[in-house]
Number of protein chains: 2
Amino acid sequence: MIKLGKLTDYAIAVMGQLVHEAADSPAHDKEGAMSSSAHYLASRTGIPEPTIAKVLKMLAKGGLVTSMRGAAGGYRLAKPADQISIGEIIAVMDGPIAIVGCVEEDKEHCNMWETCPTKENWGRVNDAIKSALDGVKLQDMLSTPACGNVPDFTKDVDADCA
Amino acid sequence: MIKLGKLTDYAIAVMGQLVHEAADSPAHDKEGAMSSSAHYLASRTGIPEPTIAKVLKMLAKGGLVTSMRGAAGGYRLAKPADQISIGEIIAVMDGPIAIVGCVEEDKEHCNMWETCPTKENWGRVNDAIKSALDGVKLQDMLSTPACGNVPDFTKDVDADCA
DNA sequence: TAGAAACAGGACTTTTTTAGTACGATAAAG
DNA sequence: CTTTATCGTACTAAAAAAGTCCTGTTTCTA
Ligand code: SF4
Ligand code: SF4
């Protein structure tokens, strides 16, 4: 159906929450302050903790959030919210935007890449999609409800985005 | 991974084949001539017959091909190849282009559609994707190998598109 | 230094989606 | 009335995604 995975939804919700946390930070002057734990974020967003933990790990591995271990550790955004595109988030969560097999390096996977005349067109389409996705920033998406398909636990979140 | 389903690949391959058939048609002047059976198309494309039959049924239901039953029946393109966009094909095979739940009529599915401020942005993104997909026509994609992921049976097809 | 809090990484299970198959019914041509 | 072919749908199997859990490492605090 050409739709995003649930984890991607969660990711946007979680990162949105991180934006809020950063904004509400009491120690706003200090640089290395504010970080939110998976546990805390789970309670704020309503997303089950094991799942949100997985999402955060993926985001950390993708470099969209930075993590700190140990007590008082947690996660924080790696960049300002207006410099993170939803294209990046999708790329980290759902893998690279590649509607056909040959767009990314995986040229090997198709046994006729050399002679295929359609790949140019697919590439063009793919680029168009990618830039559409890169044009919208996390900042633009805010006010919490991340997106669709997320059934119920978005409910206690909207207290924040009134 | 934001990729197309296999059936969509098949669909483009099959429709490409139908374009060839129409072009090679001996009775090119007569209007109601040429139609190719699922069996024949299966043998030409190498796609297993039950599967291709399913694809053709979906395409017929979606109005992209017209069908005729009975002996000497079969399928043919409903429109010229340069008037069929891959967006249409994807819409028929994979469902509507809707990366988030609320884009299509299904506003019911999300319990906070009324108050959600992000839907506008998603709509914008979705439209961009849709128009990228609608900009490329079946005609542009031709010379057979439909696309990716299709493992092997694209092999005997490329005799046609040399 | 011991313990608690928190992330890292990966293995595992369950659920959902997609792909593929099969069959009885209907329709047209000869 | 028999043959060829689509129609519709139900079913099964395979693949992918989502969700869970465990074991190890890091860091803070008492
Ligand atoms: S949360 Fe907003 S954007 Fe997402 S499905 Fe609901 S109304 Fe649409
Ligand atoms: S058939 Fe062409 S467009 Fe499709 S994956 Fe292979 S090289 Fe790419």
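When reading the values below, keep in mind they use all heavy atoms of this one structure, side chains included, and skip hydrogens, waters and symmetry mates. Chain A is the first sequence line, chain B the second, and so forth, proteins listed ahead of strands; every chain is numbered from 1.
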Name the nucleic acid region contacted by Ala38(B), choosing base, sugar-phosphate or nothing; use a 4.0 angstrom heavy-atom cut-off, strictly under.
sugar-phosphate

Taken to the nearest whole Å, CD/Glu49(B) to P/dC23(C) is 14 Å

With a 4.0 Å cutoff (strictly under), does any side-chain N or O of Ser67(B) reach OP1 or OP2 of dC7(D)?
yes

What's the CD1-C1' distance between Ile52(B) and dT21(C), to the nearest Å?
15 Å

Is the shortest side-chain N/O distance from Tyr40(B) to OP1 or OP2 of dT6(D) below 4.0 Å?
no

Does atom NZ (Lys79(A)) have a neighbourhood of more than 12 heavy atoms from anything else shown, all under 6.0 Å?
yes

Rounded distance [0.5 Å steps], CG in Leu18(A) versus CG in Leu56(A)
7.0 Å

Each nucleotide N or O in nucleotides 27-30 of chain D that has a protein N or O under 3.5 Å away: list the pair and distance.
unit_1  : atom_1 : unit_2   : atom_2 : d
dT27(D) : O2     : Ala71(A) : N      : 3.3

Has the side chain of Lys61(B) got a donor or acceptor atom sitting under 3.5 Å from an opposite partner on the base of dG8(D)?
no

Please write out the pairs of protein N or O atoms and N or O atoms of nucleotides 12-18 of chain D separated by less than 3.5 Å, giving the distance to one decimal.
unit_1  : atom_1 : unit_2  : atom_2 : d
dA18(D) : OP1    : Lys6(A) : N      : 2.5

Which residues pass the side-chain hydrogen bond (donor to acceptor under 3.5 Å, both in side chains) test with Gln83(B), not counting sequence neighbours?
none

Any side-chain heavy atom of Ile86(A) within less than 4.5 Å of one from Leu138(A)?
no

